[in-house]
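Since the structure comes first, as structure tokens, the remarks are kept for the end.
All heavy atoms count here, side chains included; hydrogens, waters and symmetry mates do not. Please read these numbers as outputs of a predicted model, since none were measured by experiment.
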Amino acid sequence: MLRFVPEDTQCFVVMDLEWNQHASKPNHEIPHEIIEIGAVKLDRDLRILDEQQYIIKPAVYPVLDKHIREVTGIEPEELEDGLSFERAYHRFLKWCGPGAFLCTWGRDDYPVLLRNTRYYKLPVELAPPLNVQMVFSHLKTDKPLVQVGLSAAMEQLGMEMELPAHRALNDAIYTAKVMAVLQRDVDAASAEAIETLRKFNAEEALAALSDTRSVPTGCTSHDDVLGNERMVAVRCPICGGSTRMTLPWFDTGHGRYMALCECAEHGTSFAQMHFKRLYNNKLVMHQRAYLASPERIADVMARRNAARKTLPRAARRAQRPEKGEPV
Ligand SMILES: [Zn+2]
């Protein structure tokens with residue numbers, strides 16, 4: 001794993017978070033409130049040095065979401081004695097120490113950490129993580145872009161899950177174990193494969209610095225949401241300011257949308273959007289935006305062109321680019 005991180009890395013810290021939310025009444029400044037940080041510290045050879053768990057008493061969403069409770073098995077009483085986020089994060093950083101490089105399974109945790117630290121006006125101090133899931137997908141599957149669940153990955157590697165999943169510390173321990181197995185594949189990989197992975201990791205670092213938001217739309221159809229320009233507008237991930245759509249939202253298939261937009265100051269961002277349905281049939285919009293590399297811009301253009309070919313002729317006409325649109 002040292003092939004993917006800065007040379008002065010002293011140790012790896014595998015971090016996993018659990019968070020609480022209010023699905024229908026989110027606070028947009030902090031849609032996901034961290035309630036648990038689980039972390040495992042590994043030396044440069046991936047030997048486990050220490051583990052830590054921080055329970056945080058929620059202050060924004062004091063009531064534990066039913067779904068979160070079911071998935072994690074966390075009981076509300078456990079959180080009662082939890083630390084404030086400020087105190088827990090301070091202790092966590094101190095425990096990480098200098099030269100620690102963060103690792104996570106998947107790309108969800110770091111943006112949530114960013115949002116929570118920003119909410120409490122705390123310095124993040126940890127660079128975007130190595131996404132172990134991406135290393136797994138590249139070296140162990142023939143679909144490098146598919147996001148594999150941690151338990152599915154462990155099953156594929158023939159590893160036992162003797163601890164309950166979806167608790168922050170356990171998931172961090174599992175991720176650390178998967179890393180140790182993947183190390184053999186990293187060692188055996190060609191220079192070319194490592195270079196590809198490095199590029200993907202640089203892209204992942206951009207994605208980790210993305211702006212994510214979940215917004216209840218009050219609508220029941222995708223078209224109604226897409227027709228509301230204000231609702232589907234994208235904020236610049238760097239400054240939070242408004243952006244101009246340079247490639248409007250298009251469906252890449254299965255209700256997953258992409259767009260390119262531009263902040264006058266920070267340049268082009270890549271935006272992704274999908275929807276989840278609430279119990280009352282209303283849609284919640286999930287958006288992610290991050291600064292786009294030139295490769296990413298080219299890739300989105302190609303997808304847009306491919307997507308257009310598969311649409312019926314009438315829809316194709318409706319999607320025809322307007323003047324000045326870079327297609
Ligand atoms: Zn900006």
Side-chain angles (χ1 to χ4, degrees), residues 4 106-108 111 128 131 133-148 189-213 222-223 225-227 229 231-238 242-276 285-327:
F4 306 118
R107 41 160 67 168
D108 292 336
N131 179 355
Q133 183 187 52
M134 177 208 57
V135 180
F136 176 87
S137 294
H138 273 76
L139 298 178
K140 287 293 191 189
T141 77
D142 51 8
K143 290 183 182 134
L145 296 178
V146 169
Q147 297 179 29
V148 184
S190 66
E192 198 188 347
I194 293 297
E195 199 40 47
T196 304
L197 261 167
R198 278 215 188 105
K199 270 193 193 148
F200 269 93
N201 198 43
E203 184 76 27
E204 287 295 307
L206 285 178
L209 292 167
S210 62
D211 184 47
T212 59
R213 54 192 199 118
H222 288 199
D223 286 346
V225 183
L226 286 159
E229 253 174 63
M231 203 179 320
V232 295
V234 177
R235 290 186 308 202
C236 169
I238 306 300
S242 57
T243 63
R244 186 175 67 88
M245 284 274 171
T246 49
L247 183 66
W249 291 111
F250 65 95
D251 193 346
T252 60
H254 311 293
R256 292 192 166 260
Y257 300 85
M258 284 182 182
L260 294 174
C261 48
E262 194 177 84
C263 165
E265 202 183 334
H266 300 107
T268 302
S269 282
F270 165 57
Q272 290 168 293
M273 179 169 73
H274 70 277
F275 298 99
K276 283 196 179 136
M285 175 183 80
H286 296 278
Q287 249 188 35
R288 176 193 294 277
Y290 58 92
L291 278 191
S293 60
E295 292 83 13
R296 172 61 73 186
I297 294 173
D299 175 62
V300 177
M301 295 294 192
R303 280 165 184 265
R304 158 73 189 257
N305 288 330
R308 197 187 296 154
K309 279 181 200 119
T310 61
L311 288 172
R313 194 180 291 172
R316 239 165 29 217
R317 265 202 301 277
Q319 280 213 350
R320 216 169 264 170
E322 283 163 27
K323 242 187 183 167
E325 205 185 303
V327 178

Exercise for the section: Sequence neighbours left out, what passes side chain to side chain donor-acceptor pair (under 3.5 Å) with His138? Give chain and number order. Expected result: none

Exercise for the section: Look at the side chain of Trp249 and the backbone N and O of Val232, then say whether any donor-acceptor pair between them is shorter than 3.5 Å. Expected result: yes

Handout entry: Any Phe250 side-chain heavy atom under 4.5 Å of Asn305 side chain
Key = no

Problem - Minimum side-chain heavy-atom gap Val234-Met273 below 4.5 Å - result: no

Problem - Partners passing side chain to side chain contact (heavy atoms under 4.5 Å, CB included) against Asp142 (at least two apart in sequence or in another chain) - result: none

Review item, side-chain donor-acceptor pairs of residues 190-207, under 3.5 Å, at least two apart:
unit_1	atom_1	unit_2	atom_2	d
Ser190	OG	Ala193	N	3.0
Glu195	OE1	Arg198	NH1	3.3
Thr196	OG1	Glu192	O	3.0
Arg198	NE	Arg3	O	2.9
Arg198	NH2	Arg3	O	3.1
Glu203	OE1	Ser293	OG	2.9
Glu203	OE2	Arg296	NE	3.1
Glu204	OE1	Arg107	NE	3.4
Glu204	OE1	Asn131	ND2	3.0
Glu204	OE2	Arg107	NH2	2.8

Problem - Distance (rounded to the nearest 0.5 Å) between Met258 CE and Arg303 CZ - result: 4.0 Å

Problem - Ser210 and Arg288: side chain donor to acceptor below 3.5 Å - result: yes

Fill in the blank from the handout: d(Asp299 CG, Leu145 CG) to nearest 0.5 Å is 8.0 Å

Practice task
Could you list the residues that satisfy side chain to side chain contact (heavy atoms under 4.5 Å, CB included) with Leu209, not counting sequence neighbours?
Solution key: Tyr110, Leu114, Pro128

Problem - CD1 on Ile238 to CG on Leu291, rounded to 0.5 Å - result: 4.0 Å

Practice task
Would you please name every residue forming a ring-ring contact (aromatic ring centres under 6.0 Å, His included) with His274, sequence neighbours left out?
Solution key: His286

Fill in the blank from the handout: Here the gap from Arg304 atom CZ to Thr252 atom OG1, rounded to the nearest 0.5 Å, amounts to 12.5 Å

Exercise for the section: Verify, without hydrogens or angle tests, whether Ser137 (side chain) and Gln147 (backbone) share a donor-acceptor contact under 3.5 angstrom. Expected result: no

Handout entry: Ser242: side chain to side chain contact (heavy atoms under 4.5 Å, CB included) partners, not counting sequence neighbours
Key = none

Problem - Derivation and outcome, side-chain contact (heavy atoms from CB on, under 4.5 Å), residues Thr268 and Ile297 - result: CA-CA 8 Å; Thr268 302; Ile297 294 173; 3.9 Å; yes

Exercise for the section: Side-chain contact test, heavy atoms from C-beta onward, threshold under 4.5 Å: evaluate it for Val300 versus Leu247 and give yes or no. Expected result: yes

Practice task
Could you check if a side-chain atom of Tyr257 sits within less than 4.5 angstrom of a side-chain atom of Gln287, using non-hydrogen atoms only?
Solution key: no

Fill in the blank from the handout: In short, Arg235 meets Thr243 closest at the heavy-atom pair C-CG2, 3.9 Å

